[in-house]
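Here's the structure, in structure tokens; my notes come after.
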Amino acid sequence: MQQLEQDIKAALSAAIQQVFGATVAAEQLVMQPTRKEFAGTFTLVTFSLTKSLGKSPEQIGQALGEWLAANESRVSGFNVVKGFLNLEIGDSEWLRQFAEMLARPDNAPVPSNGPQRVVVEYSSPNTNKPLHLGHLRNIFLGYSVAEIVKATGATVTKANLINDRGIHICKSMLAYQRFGQGETPQSSGIKGDHLIGKYYVLFERHYREEIRQLEAEGVAQDIAKRQAPLMTQAQQMLLQWEQGDEEVLALWKQMNGWVYEGFDETYRTIGVDFDKYYYESETYLLGKERVEEGLQKGVFFRKDDGSVWVDLKEEGLDEKLLLRADGTSVYITQDLGTAELKYQDFNYDSSVYVIADEQNYHMQVLQGVLHKLGKPYAEAIHHLSYGMVDLPSGRMKSREGTVVDADELVQEMVDTARRTTQELGKIEGLSSEEAEQLYHTLALGALKYFLLKVDPKKRMLFNPEESINFQGNTGPFVQYTHARIAAIMRKATELGLTGGQIDGLESLHETERDAVQLLAGYPGVVAEAARLLAPSILVQYVYEVAKAYNRFYTEVPVFGEPDEPKRRFRVALSAQTGRTLKAGMRLLGIMVPERM
RNA sequence: GGUUGUGUAGCUCAACUGGAUAGAGCACCUGACUACGAAUCAGGAGGUUUAAGGUUCGACUCCUUACACGACCA
């Protein structure tokens with residue numbers, strides 16, 4: 001398909017040379033897919049040629065169309081509408097394309113000239129509370145981007161940088177010491193990450209109570225916030241942690257361990273994985289060497305109080321603190337260290353950070369600083385920035401208890417899938433394990449599809465009632481199409497209609513042609529999604545494919561077709577559609593069922 | 001205050017990066033199961049693309065200036 005488009009462009013360029021004696025490079029031609037209300041596959045926009053050729057758009061279109069119809073065998077016809085030359089591709093070419101895609105192995109990498117060694121960092125949670133809906137958008141994006149890039153043949157590492165140290169986890173630890181009474185995930189039956197989250201909430205509640213009391217005693221609010229005993233103790237605990245206090249470290253390890261068990265279970269449930277874990281407790285000191293390097297190179301400067309800064313005004317940013325006066329590191333210091341470490345580990349030519357858009361500025365600074373340091377990998381850093389997920393009630397706020405918990409959400413989706421499936425009653429013959437597996441597949445399909453459908457940089461709205469939808473442009477719609485095809489294939493196998501050569505066909509039904517054309521575009525779509533780090537492009541594509549197939553399905557019979565070659569072709573088209581849907585959905589992290 | 005993102009049908013989102021009459025889904029109406037799976041398909045209705053200027057053969061897209069919402073930086 002990509003090849004075909006290039007060939008057509010080259011032919012057009014030749015035609016311009018022949019007919020008008022002018023030279024226009026193939027890359028300069030403006031081509032687009034033909035809109036579906038017109039006949040054709042490719043459309044040349046001729047407006048842009050009027051100046052150089054000195055003719056009207058219609059004349060140009062007519063002349064070029066005639067030339068191509070006569071000289072390019074794959075162009076079977078054309079029509080000119082105003083400044084648009086619509087080129088029709090013959091069915092014999094589509095059948096050739098179809099045979100080509102049948103021969104393509106499932107795991108063949110799609111052609112692309114993108115980066116070869118890629119690190120995708122995503123999830124990167126704090127260890128003081130369980131994952132919520134916002135994390136899910138991050139995780140699904142990261143996982144899908146990694147899989148898409150992998151499909152272009154690149155070596156991809158999925159990395160998770162766990163923020164396991166800092167004041168937040170100390171808050172949970174302190175509250176646990178105070179109120180925990182030795183409770184464990186085992187003794188309480190609470191999942192580890194939720195248990196730690198419970199103490200984080202407890203901390204916040206008691207902390208607020210302390211502030212209120214201090215304020216009642218006449219202390220100003222900002223002072224009260226700093227002086228509340230719980231806060232000073234949490235700070236104290238962080239200090240003890242940094243000094244290696246054994247008791248604190250033991251508690252820290254124990255509680256983080258619980259959180260990791262909880263996270264792992266969630267990751268397993270939602271079907272994502274990682275190749276490499278980084279822990280901030282192990283990397284947070286690394287950045288100081290980079291700061292030293294920058295001072296030596298003279299790109300950073302030290303202020304009188306001893307703090308180290310970088311001046312990024314020329315880059316349109318600001319002066320930025322890199323190291324505090326007391327020598328302790330700030331966020332950016334750690335990130336400098338981690339970037340270097342990742343580069344040492346994987347020698348990447350692209351490093352993708354899936355991080356919410358509230359950190360846009362921070363990421364610009366990171367890149368700017370690496371640039372100043374002359375790091376070869378500064379250019380390789382890509383911030384895949386995504387917007388927050390809002391609820392109908394507004395922004396999710398953990399302090400106000402309005403977050404949508406990831407585990408609960410998945411469970412609700414599974415329940416909905418179960419209810420819907422049982423109402424439709426089409427899965428007799430599945431064991432109860434298989435049925436549960438199916439509900440899970442459908443639930444996650446709906447959720448992932450919903451979150452990946454939207455352009456990452458846009459904020460999106462999640463309405464719990466409306467978003468759990470199984471009709472229309474949804475994951476289950478695509479999954480349903482696959483299940484439908486699977487049913488066709490089961491019957492085809494019984495009838496012995498699978499495999500073998502597709503020949504003896506001359507023309508295609510309109511719906512067949514549309515489907516073949518779409519299917520031929522698959523490698524190009526994956527390459528584009530990889531280039532733009534945009535799963536939403538692939539979501540749009542699988543939806544188009546499923547729609548095209550469903551239209552074909554209702555308009556032409558497969559087994560009722562008397563003509564044997566047609567019957568075989570339709571089975572093969574179904575099979576190829578099924579393969580493509582499965583492959584595309586897999587890159588989105590979504591499984592497709594054989595029946596539902 | 002500074003920087004930056006977003007604004008498209010009642011709702012949730014597209015629009016191939018400047019091209020044709022701005023497209024889908026949901027919700028709302030109308031049709032299609034004795035057929036290979038109706039979680040489907042076909043059709044209807046729904047728009048001054050926040051507003052006003054500008055650039056040109058042509059603007060949702062680019063440039064100004066407002067307005068609204070968000071985020072970040074003091």
Given the [atom1] atoms of [N] and [M], what is the spacing between them in whole Å?
{"N": "B/U34", "M": "B/U17", "atom1": "P", "answer": "47 Å"}
{"N": "B/G46", "M": "B/G10", "atom1": "P", "answer": "11 Å"}
{"N": "B/C62", "M": "B/C26", "atom1": "P", "answer": "31 Å"}

Could you tell me whether [X] and [Y] have a side-chain N and a carboxylate O separated by less than 4.0 Å?
{"X": "A/R74", "Y": "A/E5", "answer": "no"}
{"X": "A/D318", "Y": "A/K313", "answer": "no"}
{"X": "A/E564", "Y": "A/R567", "answer": "yes"}

For [X], report the nucleic acid contact type (base, sugar-phosphate, nothing); a contact means any heavy atom under 4.0 Å.
{"X": "A/L317", "result": "nothing"}
{"X": "A/V556", "result": "base"}
{"X": "A/P33", "result": "base"}
{"X": "A/V558", "result": "base"}
{"X": "A/T421", "result": "base"}
{"X": "A/S385", "result": "nothing"}
{"X": "A/F84", "result": "base"}
{"X": "A/A356", "result": "nothing"}
{"X": "A/L461", "result": "sugar-phosphate"}
{"X": "A/N550", "result": "sugar-phosphate"}
{"X": "A/Y361", "result": "sugar-phosphate"}

Quiz item: Mind checking whether A/Y522 and A/Y541 have parallel, tilted or perpendicular rings, split at 30° and 60°?
Solution: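 Aromatic pair A/Y522/A/Y541 classed tilted.
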
When you measure from the side chain of [X], which nucleotide among [options] comes out closest?
{"X": "A/Q471", "options": "B/A20, B/C26, B/U17", "result": "B/C26"}
{"X": "A/R551", "options": "B/A42, B/G25, B/U40", "result": "B/A42"}
{"X": "A/K82", "options": "B/C13, B/U21, B/G37", "result": "B/U21"}
{"X": "A/R35", "options": "B/A14, B/A71, B/G23", "result": "B/G23"}
{"X": "A/D318", "options": "B/C41, B/A24, B/C73", "result": "B/C73"}

Return the value, rounded to whole Å, for the distance between atom [atom1] of [X] and atom [atom2] of [N].
{"X": "A/Y543", "N": "B/U12", "atom1": "OH", "atom2": "P", "value": "18 Å"}
{"X": "A/E58", "N": "B/C57", "atom1": "CD", "atom2": "P", "value": "16 Å"}
{"X": "A/M388", "N": "B/C69", "atom1": "CE", "atom2": "C1'", "value": "15 Å"}

Quiz item: Reckon A/R567 has a side-chain N or O less than 4.0 Å from the OP1 or OP2 of B/C36?
Solution: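 Checking A/R567 against B/C36: no side-chain N or O falls below 4.0 Å of OP1 or OP2.
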
Quiz item: At under 4.0 Å, does any side-chain N or O of A/R395 touch on OP1 or OP2 of B/C69?
Solution: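 False: A/R395 side-chain N/O out of range (4.0 Å or more) of B/C69 OP1/OP2.
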
Exercise. Decide whether a cation-pi geometry holds between A/K303 and A/W309; the criteria are a distance under 6.0 Å from NZ or CZ to the six-membered ring centre and an angle within 45° of the ring axis.
Key: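 Judged by the rule, A/K303 and A/W309 form a cation-pi pair.
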
Exercise. Under a 3.5 Å limit for both distances, which nucleotide forms a Watson-Crick or G-U wobble pair with B/A68, could you say?
Key: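 Pair assignment: B/A68 / B/U6.
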
Practice problem: Look through every strand shown and name the nucleotide pairing with B/A24 as Watson-Crick or G-U wobble, where both distances are under 3.5 Å. | Solution: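 Checking every strand shown, B/A24 finds its partner in B/U12, with both distances under 3.5 Å.
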
Quiz prompt | Smallest separation among heavy atoms of A/F47 and A/P57, with atom names | solution =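 Reported closest heavy-atom pair: CD2-CG, 3.9 Å.
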
Self-check item: Toward the 5' end of RNA chain B, by each residue's nearest nucleotide, A/T420 or A/Q32
Solution: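 Here A/Q32 is the residue nearer the 5' end.
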
